[in-house]
Amino acid sequence: MKRKSAAESAFFSPRFVVGFVLCLIGTILALLGFGLLSGGSASAQGPNQNQASSDIEVGASYRNDVSPPMRDVPPWAAAGLKPQHEANENPKVPYRHTDSADPVIQKTSVSIRNMVAPSVPSPILNFDGIPFPGVGCNCAPPDTNGAVGKTQYVQIVNEGYQVFDKATGTSVLGPNSISSVWTGFGGVCETSGSGDPVMLYDHLADRWVITQFAGVSGGPITDECVAVSTTADATGTYNRYGFHLGSNFFDYPKLSVWPDAYYMSMNVFNATGTSYLGPQAFAFNRAKMLAGLPATFVSPTGPLGGSVDPFLPADIDGPTLPPTGAPATFVGFPGQASNPNYTTYHFHVDFATPANSTFTTFATPPAAGFTALCPTTRSCVPQAGTSSRDNLDGIGDRLMFRAAYRNFGTYESVVSNYSVNAGGVAAVRWFELRNVTAGPVTVFQESTYQPDTTWRWMGSAAMDGQGNLAIGFSASSSTINPQLRYAARLATDPLNTLGQGEAHLFDGTGSQTGTSNRWGDYSALVIDPVDDATFWYTNEYYSANGSFNWRTRIASFKLASAAPTPTPTPTPVPTPTPTPTPTPAPTPTPTPTPTPAPDFSLSITPSSVTVPRAGGTASYTVTIAPTGGFNSPVTLSVSGLPAGATGSFNPNPATSSSALTITVSSSTARGTYPFTVTGTGGSPPATRTTTATLIKAARK
């Protein structure tokens, strides 16, 4: 037997073993402290709890100036019309999610009751927005979104924007190209704007923010172009900025307003768009941009890694600011393979000393299980009158714009949504997180809205000042063309339910074909800053079957009344003023009572009709009730009927009432079918809806 040397014997001495173990433990702790052993697992979602990103990147605007008034700028050049093409490339984010049973699908009893007798109100205003080709874009999808200010609503799409009077829905500017905002600015912002636009209203400063991304022709998207209005008038001048973000492909920018910065999330890919590198957060110096001064951005260096799901920055609604010094909050999509959660990040930015900025994982509240929507294809949502090759993209790999933040004083809320598969169709999963800046962060409520076999997706969620919540979304199936709808809950409704039911905002009369299956890629529900109660929603639809022929719609609705609330000033500075000499109060001048605008409402009787199993006819009466001197004919249509059932009106158009006859064939499946009657009339056209139910009996 070979004898051990002295060195070999020493290796196994107790003292040596203890020393070796202590050294090993110290090494592991050091690595953990530097974060070198974190972020590798599928459930890791960026920086560890209370751990800063290892490096901070600082960039400066390479150019800034003040634009001419937008009302004086040519809207666009016809020579800039592009050939029909898929809009800005949107590479898919890799799926790691493990499907599981969905325990939070809204109760069937609640859904059926709300479908038969919804309480959600009809739209107030309902009018068309920018149509294809989106001011020279000639592309699909439109990426529809918009924002509302004190007197204006501004819609933005690929690659145009339009300003409307929010009281009437009439256009006051445009549609103009987004690139026209950068006329005379030079560089890619003027010549190579590529869409993915976002329109924000900064109600803290009474300013508008217009953004789109850009890149050198033939290369990746590398720049973000940001313009901040100099006044409350969206048709006026803008402080313009160009920011170069890096050499990767920066996709799907989503921006938000926070008191200390404009925050942005990006899904980052390699330059060719073939490899997902993770999300990346950016903070733009809001104070400098409001003042028109050269501005910087701060970002954790590089994307967070391909195992990290996309996130959204929280965008402030309402008059109450976040707690003083509260960090900006980002919320992540729960796509983890195990232990899916709404990863909540905190971004503390310090523009004076950027190295002091931190981006940390603050909390990981768990998300309820779900089944992923369209995990391997862009072609899954069916439409009437088309084949499966024209099915629409569900975009089920990220949160949908926006993550809406509101401070109620005693607690904070962030609401958002994403699309999942429930019952074999697309469904809207919505959620409310509470206390996102101070903690502990909790999932106060979440639910999957899937009341029937219609596919619902492409949602956007927001809360009003009373805590009432609404969600706008697209709806489609093999028997209906894509429609725009919204569902809602009052703050007093049972938790985890959209207890007010669903309304039809606008029913499209066509389906999309031949446009790479793209739809959306997002929509926007925003809250009016004046009354903090009126919701404004915009999304796309088709008026006839075809490719590259989308239309957009804008509508407002209100769930409850609310008194106007003042817009807050982030940093009020009181100015002493002399005590004025009292003067006699002037005699008040009587204010004339305004004449209500011409309008109408629809009603239908009876609310429900049953036809025998063998089929037959169901008769209803639709009544048109004019107000404010409305005297125009109203064109009527019906949607939501089951296969084998058709409806006709006599007369149509009508001025006071019309007989609706629904003919039901013997082949129509037995069941209960809520349907919607839509009426359009007047100038400008107004659209109103009413609902009733058709029942096909189980027995003769």
Side-chain angles (χ1 to χ4, degrees), residues 113-128 168-169 475 479-481 483-486 500-509 541 543 553 555-558 595-612 615-665 668 671-697:
R113 182 175 68 248
N114 289 340
M115 293 296 287
V116 173
S119 301
V120 65
S122 299
I124 302 168
L125 286 179
N126 197 337
F127 54 96
D128 268 331
T168 63
T479 60
I480 62 172
N481 305 118
Q483 302 175 350
L484 307 185
R485 302 184 187 181
Y486 56 94
Q500 299 302 296
E502 178 178 296
H504 288 242
L505 187 151
F506 193 79
D507 291 349
T509 51
Y541 73 96
S543 60
R553 197 77 177 176
S556 62
F557 60 92
K558 186 182 294 187
T595 302
D599 201 354
F600 69 95
S601 62
L602 291 180
S603 61
I604 185 170
T605 56
S607 61
S608 178
V609 175
T610 300
V611 296
T617 59
S619 297
Y620 303 80
T621 299
V622 179
T623 301
I624 301 165
T627 59
F630 182 90
N631 61 0
S632 300
V634 174
T635 301
L636 301 167
S637 62
V638 61
S639 60
L641 296 177
T646 59
S648 63
F649 296 89
N650 185 27
N652 193 16
T655 56
S656 58
S657 66
S658 179
L660 167 61
T661 301
I662 297 178
T663 303
V664 183
S665 72
T668 298
T672 299
Y673 301 100
F675 64 87
T676 300
V677 172
T678 301
T680 302
S683 180
T687 299
R688 300 292 179 258
T689 61
T690 186
T691 58
T693 302
L694 171 70
I695 301 174
K696 178 74 176 296

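Predicted model, so just to flag it, every value in this text is computed and none were measured.
Remark: T479 pairs with S477 by the side-chain hydrogen bond (donor to acceptor under 3.5 Å, both in side chains) rule, at least two apart or across chains. Among residues two or more places apart in sequence or in another chain, the side-chain contact (heavy atoms from CB on, under 4.5 Å) test is passed with P121 by L559. With sequence neighbours excluded, the residues that form a side-chain contact (heavy atoms from CB on, under 4.5 Å) with S119 are Q500.
From T672, atom OG1 reaches atom CG of L694 across 8.5 Å, with rounding to the nearest 0.5 Å. If you take OG1 on T617 and CG on L660, they are separated by 10.5 Å, rounding to the nearest 0.5 Å. In this structure, OG in S122 is found 5.5 Å from OH in Y486, a value given to the nearest 0.5 Å. Annotation: the span from L125 atom CG to T168 atom OG1 amounts to 7.5 Å, rounded to 0.5 Å. Atom CG of D599 sits about 11.0 Å away from atom OG of S632, to the nearest 0.5 Å.
The side-chain heavy atoms of K696 and P642, taken from C-beta on, include no pair separated by under 4.5 Å. Put simply, the side chain of L602 reaches to within 4.5 Å of the side chain of I624, judged on heavy atoms. Contact of the T691 side chain with the P118 side chain is registered, since non-hydrogen atoms from C-beta on lie closer than 4.5 Å.
Residue pairs meeting the side-chain hydrogen bond (donor to acceptor under 3.5 Å, both in side chains) criterion with at least one partner in residues 640-656, sequence neighbours excluded, are absent. Counting only residues at least two apart or on different chains, the ring-ring contact (aromatic ring centres under 6.0 Å, His included) pairs with a member in residues 629-654 are F600-F630.
In this structure a side-chain-to-backbone donor-acceptor pair under 3.5 Å is missing from T635 to P653. In this structure, the side chain of Y541 does not engage the main chain of N481 through any donor-acceptor pair within 3.5 Å. Looking only at distances, no side-chain donor or acceptor of R485 sits under 3.5 Å from a matching main-chain atom of F506. T668 places a side-chain N or O within donor-acceptor distance of the main-chain N or O of A643, the cut-off being under 3.5 Å.
Closest of all the heavy-atom pairs between N126 and P123 is ND2-CG, 3.7 Å.
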For residues 674-681, dump all side-chain donor-acceptor pairs below 3.5 Å to protein atoms at least two apart in sequence or in another chain.
unit_1	atom_1	unit_2	atom_2	d
T676	OG1	H504	NE2	3.2
T680	OG1	T687	OG1	3.3

task: Report the C-alpha separation of I695 and S608 in whole Å, then their side-chain angles, then the decisive distance to 0.1 Å, and conclude whether the side chain to side chain contact (heavy atoms under 4.5 Å, CB included) test is met.
output: CA-CA 7 Å; I695 301 174; S608 178; 3.4 Å; yes

